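Beneath this line is the structure, given in C-alpha cells, with notes to follow.
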Amino acid sequence: ALMTMHVGDAGASALAAALGRGALLRLTSLALTNAAIGDLSLVALAPALRRLPALERLYLDGNPFGDEGLVALVPPLPPVGTPPPPTGVLTKLKVLSLERAQVTDSGCAALAAVLDSGALPTLKTLFLAGIPASAAAKAAMGRRAGLEVVLRAKS
C-alpha cells in the first residue's frame, strides 16, 4: 500500500521497472491511493501491473488519471485468431477501485467494451464513487452479469 504518498511519473516508472524485473510476482493486492498517478504514470505502470499473475485487488483511488490511463490498464482482448497481448490482461482481478479518479463517460464505455470482450473474467467489484462520469454511464457498468458496481465511497 502506497497511500497519500506522491508517486507520480518518476515513482510509477521506478515501480514499473521493478515489476518488470520480476519483483512482487505473488502480490495479490496493491493500493496506490492519493499517489499522484496521472495518465502518463498509469500508462507507464499498466503493462507491469498486467504482468502480476496473482493480482486480485487494485485500488487506484484519489488519483488524477482519466480515460487514457484506464484504457492502458485494461485493454480489450484482441480479436479471435490474433495473438494475446504480451503483458496479460489481469485475469485474476476481482476488485478494481477507481474512486475519485477522473474517468468520464468515455472511460466507462471503454471499460464496458473490455468487460463485454471477456477480458477481466474474474472482476466482481468495481468502485466508481466520485468519478466525473454521468450517472447513466455508471449505471450501464452495473448491467454486467456478476459485477457489483459500488457508487458510494468506501468507509
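Here, residue 1 is the first one in the sequence, and each next residue gets the next number. Values in this document were obtained by computation on a predicted structure and should not be read as measured data.
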field: Same cluster (ILVMFWY, side-chain, under 4.5 Å), V149 and L58
entry: yes
task: Decide yes or no on side chain to side chain contact (heavy atoms under 4.5 Å, CB included) for R152 and V150, but give the supporting numbers first.
output: CA-CA 6 Å; R152 62 182 172 5; V150 181; 3.0 Å; yes
message: Can a donor-acceptor pair be found, under 3.5 Å and without considering hydrogens, that links the side chain of N34 to the backbone of T4?
response: no
- prompt: What closest approach, in Å, do F65 and L98 show between heavy atoms, and which atom pair accounts for it?
  reply: CZ-CD2, 3.8 Å
query: Checking N63 side chain against L32 main chain: does a donor-acceptor pair fall under 3.5 Å?
result: yes
Any L30 side-chain heavy atom under 4.5 Å of R57 side chain: no
message: Using modelled atom types and a 3.5 Å cut-off, is there a donor and acceptor pairing between side-chain atoms of D67 and backbone atoms of V103?
response: no
task: For the residue pair D116 and R144, establish whether any side-chain heavy-atom pair is separated by less than 4.5 Å.
output: yes
task: Determine the minimum heavy-atom distance between A129 and A153, stating which atoms define it.
output: CB-N, 3.5 Å
- request: Could you pull out the closest heavy-atom pair between P47 and A44, with the gap in Å?
  value: CD-O, 3.7 Å
task: List the steps, then state whether side chain to side chain contact (heavy atoms under 4.5 Å, CB included) holds for I131 with E99.
output: CA-CA 6 Å; I131 68 170; E99 286 187 9; 6.0 Å; no
task: Look at the side-chain heavy atoms of Ile, Leu, Val, Met, Phe, Trp and Tyr, link any pair under 4.5 Å apart, and say whether L90 and L24 land in one connected group.
output: yes
query: Can you tell if the side chain of P132 reaches within under 4.5 Å of the side chain of Q102, non-hydrogen atoms only?
result: yes
- request: Using atom types as modelled and distance alone, determine if a side-chain donor or acceptor of D105 lies under 3.5 Å from a backbone N or O of S134.
  value: yes
field: For the student: nearest non-hydrogen atoms of A48 and A16, plus distance
entry: CB-O, 3.7 Å
task: Return the minimal non-hydrogen interatomic distance between T122 and K92, and the atom names on each side.
output: OG1-C, 3.0 Å
query: Can you get from F127 to I37 by hopping between Ile, Leu, Val, Met, Phe, Trp and Tyr side chains that sit under 4.5 Å apart?
result: no
- prompt: Side-chain contact, heavy-atom cut-off 4.5 Å: L115 with M141?
  reply: yes
message: Quick check: is V7 connected to L40 through a chain of hydrophobic side chains (ILVMFWY, heavy atoms under 4.5 Å apart)?
response: no
task: Report the C-alpha separation of L49 and L73 in whole Å, then their side-chain angles, then the decisive distance to 0.1 Å, and conclude whether the side chain to side chain contact (heavy atoms under 4.5 Å, CB included) test is met.
output: CA-CA 8 Å; L49 291 174; L73 179 65; 3.9 Å; yes
- prompt: Is there a path from L96 to L19 through hydrophobic residues (I, L, V, M, F, W, Y) whose side chains come within less than 4.5 Å of each other?
  reply: yes
query: CD of E148 to OG1 of T125: how many Å apart, nearest 0.5 Å?
result: 4.5 Å
- request: Search all heavy atoms of C108 against all heavy atoms of A137 and return the closest pair with its distance.
  value: CB-CB, 4.0 Å
message: Any non-hydrogen side-chain atom of L126 less than 4.5 Å from a side-chain atom of L111?
response: yes
- prompt: Is there side-chain contact between L147 and L123, with at least one heavy-atom pair below 4.5 Å?
  reply: yes
message: Treating D39 as the side-chain partner and G66 as the backbone partner, does any N or O pair qualify as donor plus acceptor under 3.5 Å?
response: yes
query: Checking R50 side chain against A72 main chain: does a donor-acceptor pair fall under 3.5 Å?
result: yes
